[in-house]
Number of protein chains: 2
Amino acid sequence: MQHIVNPTERARGDSLHQRIRSTIEQRILSGEWRPGHRIPFEHELMAEYRCARMTVNKALQSLAEAGLIERRRRAGSFVRRPSVHSAVLAIPDIQAGILARGLAYRYELLHARRCRASRADRETMGALPTGTVLVLRCRHFAARRVFALEHRRIMVDAVPHIGDADFATEPPGSWLLRHIPWHEAELQIAAMNADAEIATLLEVPSGTACLVVDRQTWRAGAAITAVRLWFPGDLQKLVTRFTPTSEAGAK
Amino acid sequence: MQHIVNPTERARGDSLHQRIRSTIEQRILSGEWRPGHRIPFEHELMAEYRCARMTVNKALQSLAEAGLIERRRRAGSFVRRPSVHSAVLAIPDIQAGILARGLAYRYELLHARRCRASRADRETMGALPTGTVLVLRCRHFAARRVFALEHRRIMVDAVPHIGDADFATEPPGSWLLRHIPWHEAELQIAAMNADAEIATLLEVPSGTACLVVDRQTWRAGAAITAVRLWFPGDLQKLVTRFTPTSEAGAK
DNA sequence: AAGTGGTCTAGACCACACC
DNA sequence: GTGTGGTCTAGACCACTTA
């Protein structure tokens with residue numbers, strides 16, 4: 001019942017569909033099967049591995065979801081031609097990220113006030129005209145150095161129990177993650193020179209290159225928060241490991 | 001045979017396992033089911049949707065792969081607590097990205113020479129001591145402005161037919177993507193001030209904040225290329241849309 | 001018209017974790 | 001032990017696409 005697997009193409013994970021997947025994946029990654037190459041049909045793989053169609057189907061669907069192959073009815077499955085590099089960036093919660101590096105973490109609230117939603121809030125986030133916005137400015141420290149400067153706007157009406165939050169002691173990002181655990185977000189990453197004010201707050205020379213991350217967050221279509229984080233360029237690097245993909249794998 | 005689906009929880013995609021998946025996903029994203037909440041058992045969902053176990057299994061496996069739930073034998077499936085934000089960054093090929101924006105693209109090779117692998121090549125990329133490295137420096141233009149400056153090292157011995165490439169006319173990234181379509185890579189994103197030399201080449205004032213992307217590429221464990229790209233900070237923004245995840249969904 | 005993949009069924013055995 | 005999820009089978013019907 002077992003298919004004889006060449007030791008060099010042996011994969012971690014013992015289930016048959018994982019072995020089939022890995023075998024094909026390695027042929028693609030090694031360049032043995034180039035873009036456009038037709039993968040064996042499901043019925044051919046069934047015969048090769050002596051298994052049910054559901055098993056090879058699971059392997060091929062998994063490769064299709066990963067963007068390595070394209071499946072076309074009546075035609076077969078084909079190795080895709082990668083066009084964009086799709087990188088999975090891990091962006092940890094700031095506090096957790098600093099602690100994970102073994103550094104001391106400190107948080108400081110600089111400023112907090114409530115006001116009416118601005119025109120920008122309405123236009124970029126779809127906030128209600130009558131909505132109230134909580135505007136926060138705070139700093140994150142890693143081992144006594146300023147690690148990040150945070151400008152945040154929270155749509156008060158969309159966040160239940162926000163009155164219970166004490167942002168003098170808890171970073172708003174952490175509080176929100178605890179209370180609105182799942183959400184959708186949009187991210188922009190850019191490089192900007194620190195002006196005099198930003199430089200003072202980050203305790204770096206004026207003009208220092210900073211990594212600027214803008215993030216907007218929604219839940220069920222309703223805007224929750226918008227935040228801009230300034231990182232001194234030498235302190236924060238975003239690192240990731242990936243494989244190219246053909247088209248957006250994410251929906 | 002059909003389960004009666006509430007119109008508000010109706011999903012795109014008509015297959016049953018997609019509907020089951022979407023229904024559960026919306027309960028999680030809306031906050032109705034908070035982290036730690038136990039999803040109904042597979043046999044309960046079978047009864048609710050009057051379908052086979054494979055069908056609910058496919059829906060739950062898909063949610064587990066997406067990082068929204070955690071599955072534990074004997075215990076059940078539970079909504080996960082997100083800890084890191086995992087963003088899928090789309091990083092297009094430079095030429096394709098500029099053309100996609102409707103801008104004119106131009107490429108210029110500044111410098112090319114072959115030399116022995118340096119100590120850094122060996123240490124950071126695992127290049128062979130006797131290996132030859134092709135060192136390139138080039139610029140990418142979008143509508144007459146300098147869009148990016150590229151420093152690249154290619155491990156000549158690992159890339160067949162590289163002698164056929166004409167990097168005076170074709171950007172090395174495009175040539176490599178055509179000839180080594182699938183690979184693994186590691187990416188670092190940082191912000192740096194342009195020094196005098198970089199600023200001159202980018203045609204921006206000295207000290208301008210730049211987005212610096214370092215990428216190293218392997219195929220089947222063998223180093224292919226390492227590249228550093230400098231983007232003027234105001235020109236290139238990396239944009240992405242995502243949902244938080246619990247732990248690394250990528251392997 | 002034919003043959004592919006997409007989906008689904010109604011079973012089954014097993015590993016594992018918890019009791 | 002007991003019950004969960006993990007995996008697999010041997011069928012089946014259908015939609016779609018392409019030859």
Side-chain angles (χ1 to χ4, degrees), chain A residues 1-5 10-24 33 36-80 246-247 249 251, chain B residues 1-5 10-24 33 36-80 246-247 249 251:
Chain A
M1 207 74 141
Q2 294 280 58
H3 177 254
I4 287 87
V5 179
R10 179 155 216 71
R12 335 156 235 313
D14 14 1
S15 74
L16 182 51
H17 71 262
Q18 284 175 0
R19 285 208 305 276
I20 299 174
R21 197 208 128 119
S22 298
T23 302
I24 297 173
W33 286 351
H37 177 96
R38 209 203 76 230
I39 307 288
F41 296 126
E42 293 193 350
H43 66 79
E44 292 172 332
L45 291 169
M46 283 171 66
E48 184 181 348
Y49 289 93
R50 298 178 197 287
C51 66
R53 194 175 145 224
M54 280 293 287
T55 306
V56 300
N57 184 280
K58 187 159 189 173
L60 294 185
Q61 292 245 2
S62 162
L63 287 165
E65 276 165 30
L68 271 83
I69 67 171
E70 183 182 358
R71 313 199 73 194
R72 289 204 304 271
R73 283 177 156 103
R74 165 77 206 197
S77 302
F78 301 85
V79 178
R80 289 186 109 165
S246 295
E247 255 132 73
K251 42 164 210 175
Chain B
M1 208 73 141
Q2 295 279 58
H3 177 252
I4 286 88
V5 179
R10 179 157 216 69
R12 331 156 239 313
D14 12 4
S15 75
L16 181 53
H17 71 263
Q18 284 175 0
R19 285 208 305 275
I20 299 174
R21 197 208 129 121
S22 299
T23 301
I24 297 172
W33 287 350
H37 178 96
R38 208 204 78 228
I39 307 287
F41 295 127
E42 293 193 351
H43 64 79
E44 292 171 331
L45 290 168
M46 285 171 66
E48 183 182 348
Y49 289 92
R50 298 179 196 286
C51 66
R53 192 173 147 226
M54 280 293 287
T55 306
V56 300
N57 185 280
K58 188 160 190 174
L60 294 184
Q61 292 246 0
S62 162
L63 287 165
E65 277 165 29
L68 270 81
I69 67 171
E70 183 182 357
R71 312 200 72 193
R72 289 205 303 269
R73 281 176 156 102
R74 166 77 205 194
S77 301
F78 301 85
V79 179
R80 287 187 109 165
S246 285
E247 255 132 73
K251 47 163 203 173

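The model shown is predicted, which means the values in this text are computed figures rather than measured ones. Reckoned from all heavy atoms, side chains included, excluding hydrogens, waters and symmetry mates.
Within the structure, every side-chain polar atom (N or O) of A:Ser77 is placed at least 4.0 Å from both OP1 and OP2 of C:dT4. Note on A:His43: every side-chain N or O is 4.0 Å or more away from OP1 and OP2 of C:dG3. The phosphate of C:dG5 has neither OP1 nor OP2 within less than 4.0 Å of any side-chain N or O from A:Gln61. Distances shown here put a side-chain N or O of B:Ser15 below 4.0 Å from the OP1 or OP2 atom of C:dT7.
Separating the OH atom of B:Tyr49 from the P atom of C:dT9 is a distance of 13 Å, rounded to the nearest angstrom. Straight-line distance from the CZ atom of B:Arg72 to the P atom of C:dA17: 11 Å, rounded to whole Å. Following rounding to the nearest Å, A:Leu16 (CG) and C:dC13 (C1') show an atom-to-atom distance of 15 Å. Residue B:Met46 contributes atom CE, which lies 13 Å from atom C1' of D:dG5 at whole-angstrom precision. Counting to the nearest Å, the P atom of C:dA2 and the CZ atom of A:Arg74 are 10 Å from each other. Atom CZ of B:Arg73 and atom P of C:dC13 are 17 Å apart (whole Å). Between the P atom of C:dG6 and the CG atom of A:Leu63 lies a distance of 12 Å, rounded to the nearest Å.
Between B:Phe41 and B:Asn57, it is B:Phe41 whose nearest contact on DNA chain D lies nearer the 5' terminus.
If you check every strand for non-hydrogen atoms under 4.0 Å, A:Arg71 touches sugar and phosphate atoms only.
When all heavy atoms are compared, the tightest approach of B:Ala59 to B:His17 is CB-O, 3.5 Å. Scanning both residues, B:Gly67 and B:Arg80, for their nearest heavy atoms gives O-CD, 3.3 Å. In plain terms, the two heavy atoms of B:Ile69 and B:Leu60 that are nearest each other are CD1-O, 3.5 Å.
Residue side chain A:Arg53 does not reach the base of D:dT9 through any donor-acceptor N/O pair under 3.5 Å, judged by distance alone.
Proximity of a side-chain donor or acceptor of A:Ser22 to a complementary backbone N or O of A:Gln18 within less than 3.5 Å is detected.
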